[in-house]
Amino acid sequence: MTVGNLGRRRQPSLSQLRAFAAVADHLHFRDAAAAIGMSQPALSGAVASLEEALGVTLLERTTRKVLLSPAGERLAVRAKAVLGEVGALLEEAEAVRAPFTGVLRLGVIPTVAPYLLPTVLRLVHDRYPDLDLQVHEEQTASLLDGLAGGRLDLLLLAVPLGMPGTVELPLFDEDFVLVTPLGHRLGGRQGIPREALKELRLLLLDEGHCLRDQALDICREAGRENAPVTTTAAGLSTLVQLVAGGLGCTLLPRTALRVETSRTHQLLTGYFAEPAPSRRIALAMRTGAARAAEYRQLAAALRADLRPLPVRVLDDGGRDWAPGCEGPVPGDQSWATGSG
């Protein structure tokens, strides 16, 4: 049969298939009607309409019993399979409608992942146990491509992105601090002017990391133009070890400070004068995302759980969320190792 002929033939309804499947199971109209909550006349009419739509006789009716015709035996299997698939479709739709279930593919930048993922994973485990969270650590350009192409659902990264088709859900602002070797003249100091960056041998991450671009922007704001960067690193851990070895200084976001400086006692931490250079971290989703309400709810829950960190938590509009949620004050040396 051609597609055209199939399109012109009247399609059977689910109600008709359900009635026929019930009769095939019970071989009795009254019992079949009771099983699916349909009146016996309605059941008989549904089966007759199905036979007309398909152009075959499905049942052999006698005064004493009902039998399946050869065609009915074959098509009963198909009808039950169709009804089973429809049931699976409805169950899947119900699961999709249920919030925080199914797969959520989260992309995270490397300068955020080690420091925020423990909070994110704990939140998901405790509050959303039916959510299948899949984490992808990539640089910003790759994450944005993944979001636009549908490979990723949600991003955790530094903003602003300036990318059409995305919505940013701000989480927090965090200050940068200056990490120096022991004995450095700025090590452990408070109120360091940004202009001090003009004279430093600054170590940065490799090309492609947004933190490198942010550090260079801070340097330009401080009046440092086209200063050569002779040593770079692929990650913050290596960068900090280079500082400990005396090769220069670097800028670290506050959330990374405790983790990255706890491996050595050869470092000091300096804090900038207010307003300190900072970065903003947010979740990002596609404009019009089907699960936008869930993502906003996740952002709100994450903000609450981020309050113990040394950050300034924000509301959905990018304003400070509440007094007293900034974390340790900028001069709190307990967040650095070897800071005296």
Side-chain angles (χ1 to χ4, degrees), residues 3 82 84-173 205-214 234-236 253 255 279-306 314-318:
V3 174
V82 169
E85 287 299 317
V86 171
L89 172 69
L90 294 175
E91 289 177 4
E92 187 69 19
E94 181 66 28
V96 170
R97 287 197 301 271
F100 298 105
T101 60
V103 175
L104 173 58
R105 299 163 297 180
L106 176 68
V108 192
I109 55 174
T111 60
V112 162
Y115 322 115
L116 295 191
L117 277 181
T119 301
V120 174
L121 296 177
R122 185 168 55 249
L123 170 67
V124 171
H125 179 270
D126 293 345
R127 195 172 302 190
Y128 312 119
D130 295 325
L131 186 63
D132 181 8
L133 182 66
Q134 300 177 0
V135 178
H136 302 261
E137 184 185 42
E138 302 169 21
Q139 293 185 5
T140 299
S142 176
L143 292 181
L144 292 176
D145 286 344
L147 184 69
R151 179 174 59 87
L152 299 172
D153 304 311
L154 193 64
L155 307 182
L156 179 58
L157 73 178
V159 297
L161 300 171
M163 180 177 173
T166 60
V167 176
E168 298 170 9
L169 307 175
L171 297 176
F172 63 85
D173 289 338
L205 291 174
D206 291 338
E207 296 278 355
H209 289 276
C210 62
L211 188 58
R212 174 192 175 92
D213 297 332
Q214 292 160 357
L236 291 183
T255 51
R279 70 172 180 174
R280 175 162 295 185
I281 301 300
L283 293 174
M285 62 181 176
R286 286 184 295 275
T287 302
R291 302 172 71 180
E294 288 180 53
Y295 299 155
R296 291 188 183 279
Q297 187 176 338
L298 177 63
L302 191 53
R303 291 183 191 108
D305 283 10
L306 289 169
L314 306 170
D315 64 14
D316 200 37

At what distance, to the nearest 0.5 angstrom, does [atom1] of [X] lie from [atom2] of [Y]?
X: Leu302; Y: Leu306; atom1: CG; atom2: CG; answer: 4.0 Å
X: Thr255; Y: Phe172; atom1: OG1; atom2: CZ; answer: 5.0 Å
X: Asp145; Y: Glu138; atom1: CG; atom2: CD; answer: 9.5 Å
X: Leu283; Y: Arg296; atom1: CG; atom2: CZ; answer: 10.5 Å
X: His136; Y: Asp153; atom1: NE2; atom2: CG; answer: 8.5 Å

>> For Ala98, is there any backbone N or O sitting under 3.5 Å from a side-chain donor or acceptor partner on Thr101?
In response: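 Yes.
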
>> Please check: side-chain N/O of Arg105 versus main-chain N/O of Gly150, any donor-acceptor pairing under 3.5 Å?
In response: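 Checked: pair present.
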
Less than 3.5 Å apart, which donor and acceptor atoms pair up between the side chains of residues 108-117 and the rest of the protein, not counting sequence neighbours?
{"unit_1": "Thr111", "atom_1": "OG1", "unit_2": "Arg279", "atom_2": "NH1", "d": "3.1"}
{"unit_1": "Tyr115", "atom_1": "OH", "unit_2": "Glu260", "atom_2": "OE2", "d": "2.5"}

>> A side-chain contact here means heavy atoms from C-beta on lying under 4.5 Å apart; do Tyr128 and Leu104 qualify?
In response: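 Tyr128 vs Leu104: side chains apart.
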
> Arg151 versus Ser142: any side-chain heavy-atom pair under 4.5 Å?
Replying inline: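 Of all side-chain heavy-atom pairs linking Ser142 with Arg151, at least one is under 4.5 Å.
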
>> Evaluate Leu205 against Leu236 for side-chain contact (heavy atoms from CB on, under 4.5 Å), listing each step before the verdict.
In response: CA-CA 7 Å; Leu205 291 174; Leu236 291 183; 3.9 Å; yes

Please report the shortest heavy-atom distance between [X] and [Y], naming the atom on each side.
X: Arg280; Y: Leu314; value: NE-CD1, 3.3 Å
X: Phe100; Y: Glu294; value: N-OE1, 2.9 Å
X: Asp316; Y: Pro170; value: O-CD, 3.4 Å
X: Leu171; Y: Ala299; value: CD2-O, 3.8 Å
X: Leu155; Y: Leu144; value: CD1-CD2, 3.8 Å

Which atom pairs, one a donor and one an acceptor, fall under 3.5 Å between side chains of residues 157-169 and the rest of the protein, sequence neighbours left out?
{"unit_1": "Thr166", "atom_1": "OG1", "unit_2": "Met163", "atom_2": "O", "d": "2.7"}
{"unit_1": "Glu168", "atom_1": "OE2", "unit_2": "Leu161", "atom_2": "N", "d": "2.9"}

>> Which residue is it: Leu147, Leu154, Leu152? I am looking for the one with a side chain to side chain contact (heavy atoms under 4.5 Å, CB included) to Arg286.
In response: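 Answer after filtering Leu147, Leu154, Leu152: Leu147.
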
